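Only one structure is covered here, and it is reproduced in the block below.
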Amino acid sequence: MSTATKTSHIGRKISRIRELRGMKQEALAAELGISQQSVSSLEQSEHIEDEKLERVAKVLGVSKEAIENFNEDTIFNNINNFHDNSIQNNFNPVEKVIELYERLLEAEKEKNAYLEKLLDKK
């Protein structure tokens, strides 16, 4: 099988997008009003009519063009770029944990002070 045929196989693209969205064939079938076997057959089809592709795209929450142009390499490159950009933004999770801990500690101190004040009134 040639790479060109493999990358233009619309059923495989639908299958992969469905999997990436965490959706089972049964769920896609229910949303489309068809059987799970029909979804399986659809995902084995190299070409799909535009109207049916539009319906599938809507259920998957993507555009028809997104399915047609889907390329897993592009998706992983985008994920890696996002990860690289996050690192460049100097986001330090340890600092966020410390900040949260300090806020919780301050809230506990305020609560203790309030309780001590209530006990002193008795």
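This one's a predicted model, so the numbers in the text were calculated from it and none came from an experiment. In what follows, residues are counted from 1 in the order of the sequence shown.
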Passing option when E43 is tested against R18, R12, K24, R16 for salt bridge (Lys or Arg N to Asp or Glu O under 4.0 Å): R18
Looking only at atom types and distance, does a side-chain atom of H9 sit under 3.5 Å from a main-chain N or O of Q44, one as donor and one as acceptor? yes
Are any side-chain N or O atoms of K13 and backbone N or O atoms of E68, one a donor and one an acceptor, separated by less than 3.5 Å? yes
Taking the side chain as every heavy atom from C-beta outward, state whether [X] and [Y] have any atom pair closer than 4.5 Å.
| X | Y | result |
| --- | --- | --- |
| I48 | I14 | yes |
| E19 | S15 | yes |
| F70 | L20 | yes |

Scan the side chains in residues 52-64 for donor-acceptor partners under 3.5 Å anywhere in the protein, sequence neighbours excluded, and list what turns up.
residue: R55; atom: NH2; partner: L32; partner atom: O; Å: 2.7
residue: S63; atom: OG; partner: A66; partner atom: N; Å: 3.0

Could you give the distance from CD1 (I67) to CD1 (I10), rounded to the nearest 0.5 Å? 6.5 Å
Rounded at 0.5 Å granularity, tell me how far OG in S40 sits from CG in L28. 11.0 Å
Would you say the side chains of S38 and S35 form a donor-acceptor pair under 3.5 Å? yes
Table please: side-chain donor-acceptor pairs of residues 97-105 below 3.5 Å, with sequence neighbours left out.
residue: E99; atom: OE2; partner: R103; partner atom: NH1; Å: 3.4

Does E65, at its CD atom, have more than 12 non-hydrogen atoms belonging to other residues, nucleotides or ligands within less than 6.0 Å? yes
Residues in side-chain hydrogen bond (donor to acceptor under 3.5 Å, both in side chains) contact with Q36, at least two apart in sequence or another chain: Q25
